[in-house]
Every structure is written in C-alpha cells, then in structure tokens.
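Quick notes on the structure that follows.
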Amino acid sequence: MERLKRVVSTTGFIVVAAFIFRMAYCWYSLGIRGATLPDNLAYGGETGAIAAAIASGRGFSSPLPSIPSGPTAWLSPIYPYLLAGIFKLFGIFSYKSSLTIRTIDMAFSAFVCWPVYAIGTRSFGKTVGTASAWFWAILPDGIFYSVIWVWDTALAALCMTLLFAATLQIRGRSKLSWWIGYGALWAFGAMVNPSVLSVLPFLALWAIWPLRHQFAVAAKLTLAAAVIFAVGITPWTVRNYVVFHKLIPLRSNFGLELWLSNGPLVPDTFAGYLHPTDNPEEAAKYLRMTEIPYMEEKQSEALAFMRTHPRDTLRFFFRRFEDNWIGMWDAPADLWRYMPASMKLTLVWNCLFSLLSFVGALFVHRTRNEYALPFTSFMLFFPVVFYVTHTSGRYRYPMDPIMGLLTVFAIAYPLSLIAKRSPVAERPVESAVGVS
C-alpha cells in the first residue's frame, strides 16, 4: 500500500493520468471513433487560417478563414507555426491533423501538472503540491479547453506555470545562467501568447529583490535576462516592422479586441457578431483597408467611445470582471430559475472555485508565506487586460492551474489547524505554511 501511495504521488504518474483523462474526454466528446469531427470544433478560426496559409506557401498571412488577405501580425507566431508544421505533415484541415494537434494540446495541458507540483511543493509542502497536481489533472475546465479549442490555450498555460515555478526557483539566486534561461523562457512565453507579460514586472522584480543590496550583481542579472528576452522577440518584431512599416512588438489585433468590447453596438460585454471572421461587412472593410489601418481605426473608435461614455465603459468592465470569475455577466439571481440543472451546477462550481482561490491567497498572506506576493500579483493583474477587452474561460485558462493550487491550499490550511499539524508531515509548520 505504501508503495502504491508513492507511485501515485510521483509527478510522472500524475502527468500520464492527466493525459489519459483528456484522451478519454476527447474520445467521448469529439467522437474519435467516427469518421469526422464537428466542423465548428475542428480548428480555432484565425489560428487555423494562418497555419493553412503558412502550409500553403503564402507565409504568415490571411487570418480570416478562406479569405486570402496578405501578411498579418494578428497572432504571435509559435503556435500557428506549430499547427502549420502539422498541416504540412498530415494535410491542411485533415482529420489526422486535427487528432494530432489535439493530442499535442492535451499533452501540453497534462504537463502543467509538473510545474504545479513544483510550485505547490516549494510553497506549501509536498502534500499540497501532490494534491494540486491531481486537482489540475481532473479539473473539468483543465480538460475541456485542451480538447475542444485548437488554440495556444494549453501551451500558454504550460508557459505561465513554468514561468511561475522558475520565478520561485530563481528568487535571490545570483547564477548568471539561470537568469539567462529566465529571460529566454519569458521570450518564448511572449511568442506563444503575450498575455503572460501582464505579470512579468511583478514576478521579475520579486525574484531580483533579495539581491537589491548587491546592486552590481542585481543589475548584471537583470540586464542579462532583459537582453535575452529582447533577443528572443526581436526577430518577430523586425519582421513586423519590415512588412508593415510600423513597430509591432508581438501582435496587431488589440485595437479590434478593444473595439469589439467598447462601443455603441456592444450588447453586454462583447460584440462578437461584428468580428471580421463572422461579419462579411467587417471582413470586406478589413480587406479594403488592410490590417494595420483597420486596427488603428478600431482602436481610435474604441478609445473615443471610452472617453465619451465612461458609465458604459465601467459597466462593461465590471460585467467582464464578473464573467471572468463566475462565467456569467448577468446577475445569477435573475436567471437562476430559468437555468437547467447542468448550468446551475456549473455556476455553483465557478463561484466556489473562484472564491476558494481568493481564500487561498488570503491564507497565504495570513501565514506570512514568503511566496505570498507572486500569488497575489498573479491573481490581481493577469486578467486585467481581459476586463478591458473581453473575457472567456479559455483566456483565463493560464490562471486556472495557480487558482487550483490556491484552492487546494484554502482547504489544506484550515484542516492543518484543526489537526494541530502541518498539511505536510515532512516539513515543519513554519516552513510549509508559515504559521507563527
């Protein structure tokens, strides 16, 4: 029995189990045994369109499905190029390609268990680390989005948790090679999805802070990481400048996303029906104006609306805040009686998950845990850009592993107090949870 317990507590076993759970859901929900997949679930719109253009020899271009439109910087390059490579090997929009990219996405999602285990073990002890890894392995949202959406969602979550784990590991260390690797990891994450950069200033400053009294050392390490980061993103930035004659460090589509969520035609939080991938008039306008002028016009219109309609802007902001944390922008009390049982269960779980993750963050502060600041800054600042633009469960996906870890701690910490012992037997209370 003891041997079995040791086996199921190993990171490798948990990663394999997480992958099996995702494969089982894929089999069940998408009908792997059948001949085709549902058309609307086959590929993520702009990602698939750009990947198809690359695989067809047209370069990084044409983000609108089935509409050749010239070069684009709509997305960061890593995931579209990954999908394009699969298209080259197995066929553009083929059944084999769909299964292959989904399998890779499920593997990315399963591997998140590894940094989650490392973060939990370092911050709160092995028991919390193991429980958090298992929590991610079985978390419904963790499984769902890695199967359904062909997007950078799962890879971005893996990058974000690796960056978080690396930040905890590197704090106060003066080894130059570690900081070089740290800068490279941030660059890779930014080239997957720039949203990870929302917490870069807070995590990096926290990591270097213990060396503040050794100014020369801290400056050298910070400069090394910054230079490597810049080197990592510069080729893409240079490509964008050469193609568009404008400085676009990573992506070009912020203006459109801002306009779709802040304008007179926004019904609640997001005017998705106006997106060029779904709206023929906007698609025609995009083709006529070309990408950069189109994005600049949309950003100008959105900012003008936000200046002249502050109340509507705040209303949209708070609705998106609500949607980010509970998965619904309308008041639950108004809709509860009309909801089917499955939707009620989902709403209750969303509320409980978000509440426990914030309670966990409060407990981390209460125990004077040295890792409190990165957890808090991550919870507060990662979703801010989505409050301004628009929210979705898959946009929050890179947050979910850390939220899951805090949820486990929210349960483990009071249980440890009740039992008058640490949640981790092999570490003292003071080092595991910081109880004084």
| request: Decide whether a cation-pi geometry holds between R173 and W178; the criteria are a distance under 6.0 Å from NZ or CZ to the six-membered ring centre and an angle within 45° of the ring axis. | output: no

| Main-chain N/O of V116 paired to T161 side chain as donor or acceptor, under 3.5 Å | no

| Looking only at atom types and distance, does a side-chain atom of R212 sit under 3.5 Å from a main-chain N or O of I208, one as donor and one as acceptor? | no

| Are the side chain of R396 and the backbone N or O of N324 linked by a donor-acceptor pair below 3.5 Å? | yes

| task | Ignoring hydrogens and angles, tell me if any N or O in the side chain of S97 forms a donor-acceptor pair with the backbone of I92 under 3.5 Å. | result | no

| request: Please tell me if the side chains of Y294 and E282 come closer than 4.5 Å, counting only heavy atoms from C-beta onward. | output: yes

| request: Quick one: list whatever passes salt bridge (Lys or Arg N to Asp or Glu O under 4.0 Å) with R315, sequence neighbours left out. | output: D312

For residues 191-206, which side-chain N or O atoms pair as donor and acceptor with protein atoms under 3.5 Å away, sequence neighbours left out?
from	atom 1	to	atom 2	distance (Å)
N193	OD1	S195	N	3.0
N193	OD1	S195	OG	3.0
N193	ND2	D152	OD1	3.1
S198	OG	S195	O	2.8

| Is the W136 ring parallel, tilted or perpendicular to the Y397 ring (thresholds 30°, 60°)? | perpendicular

| said: Which label fits F363 and Y413: parallel for a plane angle under 30°, tilted from 30 to 60°, or perpendicular past 60°? | reply: tilted

| So, the side chain of W236 versus the backbone of L250: is there a donor-acceptor pair under 3.5 Å, distance only? | yes

| request: Measure the spacing between CH2 of W149 and CZ of F144 and express it to the nearest 0.5 Å. | output: 8.5 Å

| query | Taking the six-membered ring for Trp, are F409 and F124 parallel (under 30°), tilted (30 to 60°) or perpendicular (over 60°)? | reply | parallel

| So, the side chain of S56 versus the backbone of R58: is there a donor-acceptor pair under 3.5 Å, distance only? | no

| task | State whether the side chain of R22 and the backbone N or O of A107 hold a donor-acceptor pair below 3.5 Å, judged by distance alone. | result | no

| query | For I143, does its backbone N or O pair with a side-chain atom of S146 as donor and acceptor, under 3.5 Å? | reply | yes

| Any Y273 side-chain heavy atom under 4.5 Å of D278 side chain | no

| query | Can you tell me if T313 uses its side chain to pair, donor with acceptor, with the backbone of R307 under 3.5 Å? | reply | no

| task | Take the angle between the ring planes of W179 and Y182 and call it parallel below 30°, perpendicular above 60°, tilted in between. | result | perpendicular

| When the ring planes of F316 and F305 are compared, do they come out parallel, tilted or perpendicular, using 30° and 60° as the limits? | parallel

| said: Tell me whether the rings of F375 and F164 are parallel (<30°), tilted (30 to 60°) or perpendicular (>60°). | reply: tilted

| task | Classify the side-chain pair Y286/N279 by whether it contains a donor and acceptor separated by less than 3.5 Å. | result | no

| said: Donor-acceptor check, side chain of T153 to backbone of W151, threshold 3.5 angstrom: yes or no? | reply: no

